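Here is the structure we will look at.
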Amino acid sequence: MGRGRASERRVPAGARRAGGPDRRAGRRRGGGVTPDSTIKSPCINVCRMNAGTGWCEGCLRTIDEIAAWGALNDQLKREVLALLPKRRRQWRVLRAAAALQAAPGETP
């Protein structure tokens, strides 16, 4: 995790580590709304961290953002969500480049 742009790996200021109800054993992650929040988690239950980007391949959040989600207030959650469209565009470019490298003899 020590690689990449550190500014994108940090959780917004004021965030605490998660430890709320969605982190308990046996409870399904993602999609939940905490009792004091109206912001839904972007988790789609494709929980696989990409070593190159540091993002979850499903929701495109960093591990720190995922861990802190339950403790973030709505404003901080909105800040995390605002990062996702740019990451989604970057993710598509990275995937397309990887596909081209996997098939070097083919033309796009």
Side-chain angles (χ1 to χ4, degrees):
M1 283 283 299
R3 297 181 185 159
R5 294 177 295 253
S7 62
E8 284 195 3
R9 295 187 188 278
R10 291 193 183 122
V11 175
R16 296 182 316 246
R17 292 214 42 111
D22 57 326
R23 302 278 298 174
R24 292 185 193 144
R27 302 261 333 235
R28 188 172 177 191
R29 295 181 308 188
V33 177
T34 57
D36 57 339
S37 175
T38 58
I39 308 294
K40 188 177 175 183
S41 169
C43 180
I44 60 169
N45 293 316
V46 178
C47 305
R48 191 172 44 239
M49 299 307 291
N50 181 283
T53 62
W55 302 332
C56 170
E57 293 182 8
C59 66
L60 301 177
R61 292 179 293 167
T62 65
I63 194 71
D64 291 338
E65 291 164 347
I66 293 167
W69 187 263
L72 297 177
N73 63 35
D74 284 355
Q75 177 58 38
L76 294 174
K77 288 179 181 180
R78 285 187 196 97
E79 290 178 21
V80 171
L81 292 174
L83 300 171
L84 301 183
K86 180 179 178 184
R87 289 180 186 171
R88 194 166 292 112
R89 288 189 298 273
Q90 291 172 324
W91 182 246
R92 286 185 190 130
V93 169
L94 291 170
R95 287 183 57 196
L100 287 174
Q101 287 180 349
E106 299 178 20
T107 57

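Note that the numbering runs from 1 along the sequence shown for the chain. The model shown is predicted, which means the values in this text are computed figures rather than measured ones.
To the nearest 0.5 angstrom, I39 atom CD1 is 11.0 Å from L72 atom CG. To the nearest 0.5 Å, atom CG of residue L76 and atom CG of residue L81 are 11.0 Å apart. If you take OG1 on T38 and NZ on K77, they are separated by 8.0 Å, rounding to the nearest 0.5 Å. Rounding to the nearest 0.5 Å places NZ of K86 at 13.5 Å from CG of L60. The line from SG of C56 to CZ of R87 is 11.0 Å long, rounded to the nearest 0.5 Å.
Here the shortest heavy-atom pairing between C59 and P42 reads CB-O, 3.5 Å.
Pairs passing the salt bridge (Lys or Arg N to Asp or Glu O under 4.0 Å) check and including a residue from residues 50-60, sequence neighbours excluded, read R48-E57. Residue pairs meeting the salt bridge (Lys or Arg N to Asp or Glu O under 4.0 Å) criterion with at least one member in residues 88-97: none, sequence neighbours excluded.
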*Under the side-chain contact (heavy atoms from CB on, under 4.5 Å) criterion, do L84 and W55 qualify, and how do the steps go?*
CA-CA 10 Å; L84 301 183; W55 302 332; over 6 Å; no
*What's the verdict on side-chain contact (heavy atoms from CB on, under 4.5 Å) for R61 and C43, showing C-alpha distance, side-chain angles and the deciding distance?*
CA-CA 9 Å; R61 292 179 293 167; C43 180; 3.7 Å; yes
*When you look at V93 and Q90, which way does the side-chain contact (heavy atoms from CB on, under 4.5 Å) test go after all the steps?*
CA-CA 5 Å; V93 169; Q90 291 172 324; 5.7 Å; no
*Residue pair M49, I66: steps toward the side-chain contact (heavy atoms from CB on, under 4.5 Å) verdict*: CA-CA 11 Å; M49 299 307 291; I66 293 167; 4.2 Å; yes
